[in-house]
Amino acid sequence: MDILKGGGDKLLRNDNGKFVDVSEESGIYGSLIGFGLGVTVGDVNGDLYPDIYISNDFYEKDYLYINNKNGTFTEQIEGWAAHISQSSMGADMADVNNDGKADIFVTDMLPESDERLKNTTNFENYDLFLRKINLDFFSQYMQNTLQINNGNNQFMEIANYAGVAKTDWSWGALLFDMDNDGYKDIYVCNGIYHDLTNQDFVDFFANEFMQKMVVTGKKEEIRTIINKMPSTAIPNYAFKNNKNLSFTNEAANWGLSTPSFSNGAAYGDLDNDGDLDLIVNNVNMEAFVFQNNSEKSKNNHFIKVKLKGEGQNKFSVGSVVELFSGDEIIRQELIPSRGFQSSIDYVMTFGIGTKKIDSIQVIWPNSKFQTIKKITSNSTLNLNIADAKLIYVPKSDKSKPFFKEKQNVLLASKENNFIDFDHEGLISKELSQEGPSLAIADINGDGNEDVFIGGAKGSSGKIYLNKGADNFVITKQSDLNLDAIFEDTAASFFDADNDGDIDLLVGSGGNEKSDQANYRNRLYLNDGKGVFTKSKSNIPATNTNVSVIAPYDFDNDGDVDVFIGSRSVPGVYGINPKHLLLENDGKGNFTNNIEKVAFKLNDLGMITDAVWEDIDNDSKKDLIVVGDWMAPKNI
């Protein structure tokens, strides 16, 4: 068909048996890089209009098309998800936690075993990841994703928590109740007939072929090269739903662990005994046909629903059936095509375990609905769209947020492009990109709390006066502007010189190897009106990455002393940095007495935060610290 030339996704509207390309006017992307392997349809926002999830392999991000109810769609994946799979293959949409909302499971290529991980996986480096982010390819990670629908137009991705992130080179995925306990399980088809990402092949065999072609001048046939690729059959996965947002792979116990090269699957009650049987297609192998024996369990019951539609939609595709049991909703949408080369039966089979079903609600494609009560388990309901008389109006259960973002002038400085991973092998995340420090206090005595926002390297910190009614005005602070070279990583307001107003102590840090002068701690004295002047006294420093400033009169002499904790030694991640315990002479001059007063503090570790609290009820505040790779400690 000429209509399919050029690649990209297509939306073909059925006009009485003739399909018309309405992609462009409907908002469907036609980009050549949109290598869509899976198309999953379902209502994710609860408005009864079908939305579309496209799982894209290779570079392009997945698409989530939200139905605008007028024949057009708006792509909103970045608003709904925090991150997605990288090489998205198959996908399925169903409610896995019985809250009545459609969740989405997407397959990728991350192996579970360490050997397979090292044999077949070559992760992209951080520079490439950032480049893709900057080019609007979104946050993509090599792993399966399980997007739990929060009901507020956002997903919560929990694949690692749920234990379903790693299933090797996976294709089709199906979410259905495999054991009739009332919760949907996850079946994953996986396996690639030729491991073209096998690192030994890429590094050695493929290189040998290239050298041979260079020497002989003869090109090898692509099939010859492909046939040299390793081929490893592996079992598919069958994740049992543990009813608490976690899953356990029961493929072996359920008789589904035959090694294979599987692509797609379909389920349906083939022997009409009340549980769902499974058919799996395989590459260069016979297809699997698995008979389900769940009906033999006395605790796992079922209800089957067979729908009769109208017109050309005789199976009533698009219907929603919900079984209510107490606070739970067992929900299915009748969308027969699922994910990658997979499908389901038109008869809907619901596992209910030992649940008592209060009622069944059927919402038909014409927006009419009907409710059935007095349900008998292990029975089949034959329902007709002609019997539905009431019009269904979707209920909005979106809760109002506790907080609402307000527009204001509080601006954080922009971080520079320093990449920690290029300089340190042990560091687990970029400490140079932790964001600005923040301190809040009433600096001019007007009863409103004002804000200091620290500056990144190359930009100065800013102080904003609170004028009331959410009105913040930036102040002119000449001495802060002169210190733009420092990275402000910690800050605290307190009266350092005992003159009755609030002063500002700022700690320097970051993770760039640079002059030790760039790691000075700085004290700015308040003139009582909110204008700060840099103190001439020399504040002790450790020349390390300062993380916290915790003021407290620990020597009980009437002035405010300070604990300054550090997180790391710049450029040498993993070494415990030094810390400071500064005693105040009452005039804003500080002396580090940590060796004399509490020498053990220097061995505490890589501190990220600290507070002073009396935890043993002796009327003296203790120092509680937390940090990287350490348990909370108190001194």
Side-chain angles (χ1 to χ4, degrees), residues 35-40 42 44 53-64 77 80-97 102-114 116-117 119-124 129 137-149 155-176 178 183-192 195 197 234-242 244-251 256-257 260-265 280 338-342:
F35 202 85
L37 293 185
V39 179
T40 306
V44 300
Y53 190 93
I54 307 293
S55 45
N56 282 313
D57 198 356
F58 297 110
Y59 290 106
E60 180 61 315
K61 62 189 176 186
D62 295 353
Y63 304 146
L64 176 60
I77 187 64
W80 279 75
H83 61 266
I84 56 178
S85 299
Q86 183 182 61
S87 300
S88 299
M89 313 293 269
D92 198 9
M93 187 182 300
D95 180 13
V96 300
N97 56 343
D103 311 307
I104 300 176
F105 179 73
V106 181
T107 59
D108 203 301
M109 301 162 56
L110 183 63
E112 181 180 21
S113 71
D114 187 62
R116 287 280 297 173
L117 181 68
N119 280 346
T120 63
T121 303
N122 185 16
F123 294 99
E124 63 187 19
F129 176 82
F137 286 104
F138 196 39
S139 299
Q140 301 182 47
Y141 298 95
M142 182 182 282
Q143 62 160 89
N144 299 339
T145 49
L146 178 56
Q147 308 280 4
I148 299 298
N149 194 334
F155 291 119
M156 175 177 59
E157 203 287 299
I158 65 165
N160 278 291
Y161 170 82
V164 297
K166 306 173 183 179
T167 55
D168 216 286
W169 197 311
S170 304
W171 301 93
L174 290 174
L175 309 182
F176 66 104
M178 303 177 71
Y183 288 83
K184 293 177 182 64
D185 311 298
I186 303 176
Y187 185 78
V188 180
C189 297
N190 62 26
I192 182 71
D195 285 336
T197 60
I234 55 177
N236 296 328
Y237 284 75
F239 290 108
K240 175 180 172 56
N241 192 328
N242 296 326
N244 59 1
L245 292 179
S246 72
F247 294 78
T248 302
N249 183 22
E250 295 286 355
L256 300 171
S257 60
S260 62
F261 304 101
S262 302
N263 287 162
V280 182
R338 321 296 300 183
F340 183 80
Q341 298 182 358
S342 300

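- With Asn149 contributing its side chain and Val44 its backbone, the two residues share a donor-acceptor pair below 3.5 Å.
- Under the 4.5 Å side-chain criterion, counting only non-hydrogen atoms from C-beta, Val280 is in contact with Tyr187.
- Applying the salt bridge (charged side-chain N to carboxylate O under 4.0 Å, His left out) definition to pairs two or more places apart or across chains, those involving residues 55-64 are Lys61-Glu78, Lys61-Asp136.
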field: Trace of the side-chain contact (heavy atoms from CB on, under 4.5 Å) decision for Met109 with Ile192
entry: CA-CA 10 Å; Met109 301 162 56; Ile192 182 71; over 6 Å; no
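- Between Arg116 and Asp168 the shortest heavy-atom distance is NH2-OD1, 2.7 Å.
- Evaluation of the side-chain hydrogen bond (donor to acceptor under 3.5 Å, both in side chains) rule for Thr40 yields no partner, not counting sequence neighbours.
- Judged purely by atom type and a 3.5 angstrom limit, Arg338 uses its side chain to pair as donor or acceptor with the backbone of Met93.
- Under a 3.5 Å cut-off, the side chain of Asn241 and the backbone N or O of Lys184 do form a donor-acceptor pair.
- Taking the six-membered ring where tryptophan is involved, the planes of Phe155 and Trp80 are tilted, since the angle between them lies from 30° to 60°.
- Between Phe138 and Ala81 the shortest heavy-atom distance is CZ-O, 3.1 Å.
- To the nearest 0.5 Å, the span separating CZ on Phe105 from OG1 on Thr145 amounts to 7.5 Å.
- For the pair Val106/Ile84, no side-chain contact is recorded, criterion being any heavy-atom separation below 4.5 Å from C-beta on.
- Not a single donor-acceptor pair under 3.5 Å links the side chain of Ser55 to the backbone N or O of Leu37.
- With values rounded to the nearest 0.5 angstrom, His83 atom NE2 is found 3.5 Å from Glu157 atom CD.
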What pairs of donor and acceptor atoms, side-chain ones from residues 159-167 against any protein atom, are under 3.5 angstrom apart with sequence neighbours left out?
{"residue": "Asn160", "atom": "ND2", "partner": "Gln143", "partner atom": "OE1", "Å": "3.2"}
{"residue": "Thr167", "atom": "OG1", "partner": "Asn144", "partner atom": "ND2", "Å": "2.7"}
{"residue": "Thr167", "atom": "OG1", "partner": "Ser170", "partner atom": "OG", "Å": "2.6"}

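- With Asp108 contributing its side chain and Gln86 its backbone, the two residues share a donor-acceptor pair below 3.5 Å.
- Between the side chain of Asn236 and the main chain of Asn190, a donor-acceptor pair closer than 3.5 Å is present.
- In terms of heavy-atom proximity, Ala251 sits nearest to Asn249 at N-OD1, 3.2 Å.
- Residues Asn242 and Tyr183 have side chains not in contact (no heavy-atom distance under 4.5 Å, counting atoms from C-beta outward).
- Rounding to the nearest 0.5 Å gives a distance of 4.5 Å between CD1 of Ile158 and CG of Leu146.
- In terms of modelled atom types and a separation under 3.5 Å, the side chain of Trp171 and the main chain of Gly90 share no donor-acceptor contact.
- One distance of note links CZ of Phe35 with OG of Ser87; it measures 11.0 Å at 0.5 Å rounding.
- Atoms CZ and CD1, on Phe247 and Ile186 in that order, are 4.0 Å from each other to the nearest 0.5 Å.
- Every residue two or more places apart in sequence or in another chain was checked for a salt bridge (Lys or Arg N to Asp or Glu O under 4.0 Å) with Asp185, and none qualifies.
- Asp95 places no side-chain N or O within donor-acceptor distance of the main-chain N or O of Ala102, the cut-off being under 3.5 Å.
- Legend: residues meeting ring pair (Phe, Tyr, Trp, His ring centres under 6.0 Å) with Phe261, ordered by chain and number and at least two apart, are Tyr193.
- We find the CH2-SG distance between Trp169 and Cys189 to be 15.5 Å, quoted to the nearest 0.5 Å.
- The ring of Phe129 has its center closer than 6.0 angstrom to the ring center of Tyr141.
- Applying the ring pair (Phe, Tyr, Trp, His ring centres under 6.0 Å) criterion to Phe137, with sequence neighbours excluded, gives no partner residue.
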